[in-house]
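Along the sequence shown, residues carry numbers from 1. Bear in mind the structure is a predicted one, so any value in this text is a computation, not a measurement.
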Amino acid sequence: MPPPGHADEDFPAIAVDQAHPRAALDRPDLGQLQVEAAREADDFIIGAGNVIWAYFQVLDRLIPRGVAQMGPVCARRKETWQGFQTRRPGIHLVSDPDGVLHADVDVVLIITSPDTHASLVKTSLEHGKHVVVEKPAATTRCEAQQLAQLAQEHGLHLMCAPFVQLAPTFRALWGRIHDGGIGKVHSARALYGNAGSTWARWYHDGSVGPVAEVGIYNLKSLTAVLGPVIEVQCAESLVVTNREISGEGVASAGADVSHIILRHADGALSSLASSHCIQRFKRPGLEFYGTDGTANLLGDDWDPRGFEIWRNSAGCWEEFEPIDPTWLWADGLAEMVHAVREKREPLHNWASHAADSFTMAAVALRQPKKVAKIDKTVPPYPVSRSNSYSPFG
């Protein structure tokens, strides 16, 4: 599973070559990617946190195909440099993110601590860069809308993790459900979580709760399949009041367990449990119950292992293997690269759906144990019917 949270505030950068045809767990904080029309562009990464290596995997698939080229990596903490130089000989490290933002690059990857995301996204867009940002892109709905508007005004793409809709297996399941494979869906359940962080204080200081950090995966999946939400209810609790982080005892703030009930515009109800106190779980990542059958996503929506469907007409469970099991949860970066090179909209464009998660999650968390009416029906996250997406191009 993706490691809990992000680490420090460093940046990677990436370059994309538009002259070439499209080729057939730690993470960084802010990364930058460049695409130019007639030559290979340099890719820059700002951030060197605990998920940078997943994004390096994505780049290592693109670079040999002439799609992207690694550029400088901005790692603010110089004590991390030796580790990077050992594991990736020849890596170009810098300590100042301005060196990335002012570089001749096109795409910025932001994976710093959550409280820095919004300002870095804004600065990157103002410098004319397309942006891929780890979740959350902002901490308020207002900030999210402003960032979306800024991207649109500058004619730039803005993508925010998670990228569950890009998973070919998820898209195949989505298609079967929307084609009436299990009848009208009336109920759905989702659960995701982990045991919390042992190194990141912000993970348990109340600034980012389980909904924004881990529940967002399922939240995006449920709205993609079931559509807009018109009511939301939430209950939370704090279970682990003291944690050990980086060898020190730290008092927890905010909730570490959250349960949400959503009412979708078409009448379906869904429930979402997210937590920083879950040690292990072994159950479907998503469950959908319809009038004519049942559908389960196996594994997690960020790492689908296939799906199974019960249809009354068939009278048996049908199990389907994952489509393109090489798909990686960080492949939103690859989609951005291909979209920029091909001068098209990304299949996952966060800017046009910026307020969705904030409308549902933030309203619920501010009114726990009460039913909150959504003041404006928000659109669901779109899913392409095509199952041809591949990070390899």
Side-chain angles (χ1 to χ4, degrees), residues 1-4 25-27 50-51 53-58 60-61 134-135 161-179 181-182 185 187-195 210 213-226 270-276 278-290 293-311 314 316-335 347-348 381-393:
M1 62 186 288
L25 270 184
D26 296 329
R27 58 173 143 168
N50 72 318
V51 298
W53 302 102
Y55 285 101
F56 279 159
Q57 288 184 54
V58 175
D60 288 343
R61 297 176 180 179
E134 265 296 335
K135 40 81 178 168
F163 309 111
V164 291
Q165 299 151 264
L166 295 179
T169 301
F170 176 85
R171 291 159 65 183
L173 175 61
W174 175 90
R176 287 177 177 269
I177 292 175
H178 276 259
D179 287 341
I182 61 172
V185 178
S187 303
R189 297 197 305 174
L191 178 147
Y192 182 49
N194 54 44
E213 177 59 26
V214 293
I216 186 64
Y217 294 93
N218 293 160
L219 186 59
K220 295 185 76 171
S221 296
L222 290 172
T223 56
V225 176
L226 301 179
S270 64
S271 64
L272 163 61
S274 55
S275 173
H276 290 156
I278 294 179
Q279 310 307 310
R280 294 287 188 276
F281 56 89
K282 187 177 182 180
R283 51 156 293 181
L286 301 169
E287 304 170 36
F288 298 95
Y289 299 93
T294 299
N296 295 326
L297 180 74
L298 306 179
D300 292 300
D301 43 11
W302 58 268
D303 184 24
R305 306 298 177 87
F307 58 91
E308 58 185 8
I309 293 180
W310 171 277
R311 294 180 298 133
C316 64
W317 283 100
E318 301 169 289
E319 187 166 337
F320 300 84
E321 293 294 315
I323 300 172
D324 189 1
T326 65
W327 184 84
L328 185 64
W329 56 266
D331 272 321
L333 177 58
E335 170 59 16
L347 296 178
H348 171 123
Y381 288 92
V383 182
S384 169
R385 283 188 174 272
S386 169
N387 293 320
S388 61
Y389 171 79
S390 170
F392 296 105

Is there a side-chain contact between P284 and F307, using heavy atoms and a 4.5 Å cut-off?
no
CG-OG distance between L226 and S270, expressed to the nearest 0.5 angstrom:
5.5 Å
Between I278 and N194, is there a side-chain heavy-atom distance shorter than 4.5 Å?
no
Closest contact, heavy atoms only, L328 versus A54:
CD2-O, 3.5 Å
Side chains of Y289 and E287 only: does a donor on one sit below 3.5 Å from an acceptor on the other?
yes
Quick one: closest heavy-atom pair of G215 and L272, and the distance?
O-CD2, 3.7 Å
Tell me if a side-chain donor or acceptor on T169 pairs with a main-chain N or O of I323 at a distance below 3.5 Å.
yes
Could you tell me whether the side chain of S221 and the main chain of Y217 form a donor-acceptor pair under 3.5 Å?
yes
Would you please name every residue forming a salt bridge (charged side-chain N to carboxylate O under 4.0 Å, His left out) with E318, sequence neighbours left out?
R311
Are I309 and W317 side-chain neighbours, meaning at least one heavy-atom pair lies under 4.5 Å?
no
Any side-chain heavy atom of F288 sitting closer than 4.5 Å to one from N296?
no
In sequence, state the C-alpha distance, the side-chain angles, and the governing distance for L286 and F170, and then conclude on side-chain contact (heavy atoms from CB on, under 4.5 Å).
CA-CA 10 Å; L286 301 169; F170 176 85; 3.9 Å; yes
Quick one, W329 and P162 - any side-chain contact, counting heavy atoms below 4.5 Å?
no
Any sub-3.5 Å donor-acceptor pair from K220's side-chain atoms to Q165's backbone N or O?
no
So, do L298 and P304 sit near enough that their side-chain heavy atoms are less than 4.5 Å apart?
no
What's the spacing between L297 CG and D301 CG if we round to 0.5 Å?
6.5 Å
Please check this pair: side chain of H178 against backbone of V225, looking for a donor-acceptor N/O pair closer than 3.5 Å.
yes
Just checking, any donor-acceptor pair under 3.5 angstrom between side chains of Y192 and E213?
no
Side chain proximity check, R171 to L347, heavy atoms < 4.5 angstrom:
yes
Does a salt bridge link D331 with R61, judged by any charged N lying under 4.0 Å from a carboxylate O?
yes
Over all atoms of both residues, closest heavy-atom pair of L166 and G332:
CD1-CA, 3.8 Å
So R176 and I182, side-chain contact (heavy atoms from CB on, under 4.5 Å) or not? Walk me through it.
CA-CA 8 Å; R176 287 177 177 269; I182 61 172; over 6 Å; no
Quick one, N218 and D300 - any side-chain contact, counting heavy atoms below 4.5 Å?
no
Mind checking the CG-OG spacing from L191 to S275? Nearest 0.5 Å is all I need.
8.0 Å
What is the minimum heavy-atom distance between E134 and A161, and which atoms define it?
OE1-CB, 3.6 Å
Closest non-hydrogen contact found for A195 with Q279 is CB-OE1, 3.5 Å
Going by the rule side-chain hydrogen bond (donor to acceptor under 3.5 Å, both in side chains), which residues pair with R280 if we only count those two or more places apart in sequence or in a different chain?
none
